2 protein chains.
Amino acid sequence: MTPLSTTPPTLADVAELAGVSRQTVSNAVNNPDLLRSDTLARVQDAIEALGYSPNRAARNLRTRASHLIGMRIGPAQEGTANATMDRFVHSLVETSREAGYHVLLFAGSGEDPLAGYDDLLRSTAVDAFVVTDTYLGNPQAVWLEQRRAPFVAFGRPWDHPDARHPWVDVDGAAGTDLATTHLLDRGHQRIAWIGWRKDSRIGEDRRAGWSRALHARGLPTTGLASRVEDTVASGREASAVLLDEAQPTAFVCASDTLAMGVLHTFRDRGITAGREMSVVGFDDSQVAQVVPFGLTSVRQPLEDVAVEIVKALEGLLAHPPTIATSALLVPTLALRGSS
Amino acid sequence: MTPLSTTPPTLADVAELAGVSRQTVSNAVNNPDLLRSDTLARVQDAIEALGYSPNRAARNLRTRASHLIGMRIGPAQEGTANATMDRFVHSLVETSREAGYHVLLFAGSGEDPLAGYDDLLRSTAVDAFVVTDTYLGNPQAVWLEQRRAPFVAFGRPWDHPDARHPWVDVDGAAGTDLATTHLLDRGHQRIAWIGWRKDSRIGEDRRAGWSRALHARGLPTTGLASRVEDTVASGREASAVLLDEAQPTAFVCASDTLAMGVLHTFRDRGITAGREMSVVGFDDSQVAQVVPFGLTSVRQPLEDVAVEIVKALEGLLAHPPTIATSALLVPTLALRGSS
DNA sequence: GGGATCGTCTTGATCGATCCAATGAGACCA
DNA sequence: TGGTCTCATTGGATCGATCAAGACGATCCC
């Protein structure tokens, strides 16, 4: 049916078969309304017969658009439970497809994180970027803005409140508030926090949700918080110390990785996670899902994030570009046995 | 330094600045040896000064190559510990970059898994594919072969031994053999197997390694094997039954998901995983890494897989194409507390 | 009836690179 | 001196699509 390994048919081939000009075929593909219905049908038949599909390179050259979205992918983090990227990438790919875009992955070339962006930008290989790691105060966003490169960030511009690019983010505080309130509703009074070091904006955001929820019920937070690195070992140590010094009956953690550390401590001490002694994680990683009895965890609506990001991208790339819209989405709580 | 939002410089711009012809600039980029060293330097200065980078679309159109590798990405599997893709994708992106390729992701559009391939192929959007799900006896490989589309498979062509395309795979049997032998060396005699249903070629391959290792020491396998679905619940049930009926002291599992099910049963019965009662999983997922005390697991050398795949791709896309080479790589064992 | 308007389709130029064949300058040898 | 050969460089055509403008007939309205 479809020809094997011959040169693919071109516009001209279709035009000849249908007995029309090249431009008419082009219109049949891009502006069908411009054609009389009978010629449209004739051209479509020819397209079908030849199995024609417009050559991407030629189209890209002429229209100055590639319909590709670039996204940098960092090294997989081993030893942690960070499963965000996997789910997000898939959602983004799926949503982009519906909008007529494909996703181009590129690696951060170690020392110079901008090199990849610069290269793709100058060679006009992609139409826009999705930037996922805005939290480190990293230069990508600022640099891309200066170059007037279209991009949407997954993550708020914490350090640049006057940034003008569109962004989409998940309300971490709302997530931990949800988690903490859930524990309060279950009767807990002393709920501890294990989060990241103070220089992490995301970490502080999530911590704020925890303290907000406690204060809303008139409960104190003093002595119940700990800030450590994002490793299982740190979570284990921190929870051990908190148990000894503050006697909490529940833990809210900034990540599933830290929550696994808490479960580790529980195991050390013969405690079973559940209604009495609870733990809640953040990210709803695979780990949370498969660990015995399950780890209750805050789940980011990554599918929705992808939808919003693509929406913003479409706006940026429209002619004329529409005003940048940003969105802050609310996570949900995946309830499991650990709470 | 770099111009803001103006049209990027073209070959002609560089040529004018350097006082040479367009073709000379093209040669400076693609065949520097053809130029006299002083003109080369002059052209390179001009390139540097203008921040020139060849327009991808134009180059693609002329050379009939996109330097893009397409890869289909399936939906993230929730509720399992399958972390293979994440690690592999990153390795592939990184390795491809070194070979001058970028990775284009596309989604499997539900009902028709071939649609995505067909589309990209006909529009000459990608040079080749990496096909990752060859195990289901799925039609991709056969179909791509018929269309003479260049592709490399991650996974053996189980059902088509006469397939002529290059492939790279990990020797599952070698992995489970490694795991089983490790347990034997630790003194275990009765080692159970929990794997997938019989129609899974990969599952049978991994099972073969387990039975091979036991038979090599003259130990029986009868009554020690179970074949179930790849879920935590199935692993939990299967291990419970095996413990009652066959009294094994160790379990080798076809996946970390199943191994988590075993840990679940251990927990149910107050058993602590370790030297006495051991479990080994497969895939070295994040779950295996962060679960308390750690889950010993067979680790696929995905970085090496990516290298081999890219090597094969370069062969396919070379002029003239070199003969397809396939590779079967050996996994390693990540030792942790569960064994 | 003539000019403006609309709907439909066509022609030639163009995007920015590379391919191909050809040119000029110089080296070398007879 | 003239011919051949190599090296370095050039000009024109080309990849396959879209853009911009124009051609043509039919319709409409004063």
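To find a chain, count down the sequence lines: A is the first, B the second, and so on, and within it residues start at 1. What you are looking at is a predicted structure, and each value in this text was computed from that prediction instead of being measured.
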Mind running salt bridge (Lys or Arg N to Asp or Glu O under 4.0 Å) on A/K311 and A/E314 for me, showing each step along the way? CA-CA 5 Å; A/K311 212 181 286 179; A/E314 288 187 288; over 6 Å; no

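For the pair B/L40 CG and D/dC7 P, the computed distance is 17 Å after rounding to whole Å. Here the P atom of nucleotide C/dG26 and the CZ atom of B/R36 are 9 Å apart, to the nearest Å. In this structure, the CG atom of B/D38 is 10 Å from the P atom of D/dA8, given to the nearest Å.
Between A/T39 and C/dC9 there is a side-chain N or O to OP1 or OP2 distance below 4.0 Å. OP1 or OP2 of D/dT10 sits under 4.0 Å from a side-chain N or O of B/T24.
Taking every heavy atom of both residues into account, A/A18 and A/V43 meet most closely at CB-CA, 4.1 Å. In this structure, A/S66 and A/V126 approach most closely via the heavy-atom pair OG-CA, 3.4 Å.
Ring planes of B/F154 and B/F88: tilted class, angle from 30 to 60°.
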Whether each nucleotide of nucleotides 13-19 of chain C has a protein heavy atom under 4.0 Å at its base (B), only at its sugar-phosphate (S) or at neither (-) is summarised, 5' to 3', as BBBBBBB

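Between the B/N60 side chain and the B/R56 main chain, a donor and an acceptor come within less than 3.5 Å of each other.
Under the side chain to side chain contact (heavy atoms under 4.5 Å, CB included) test applied with B/I69, the options B/L104, B/L313, B/V93 reduce to a single match, B/L313.
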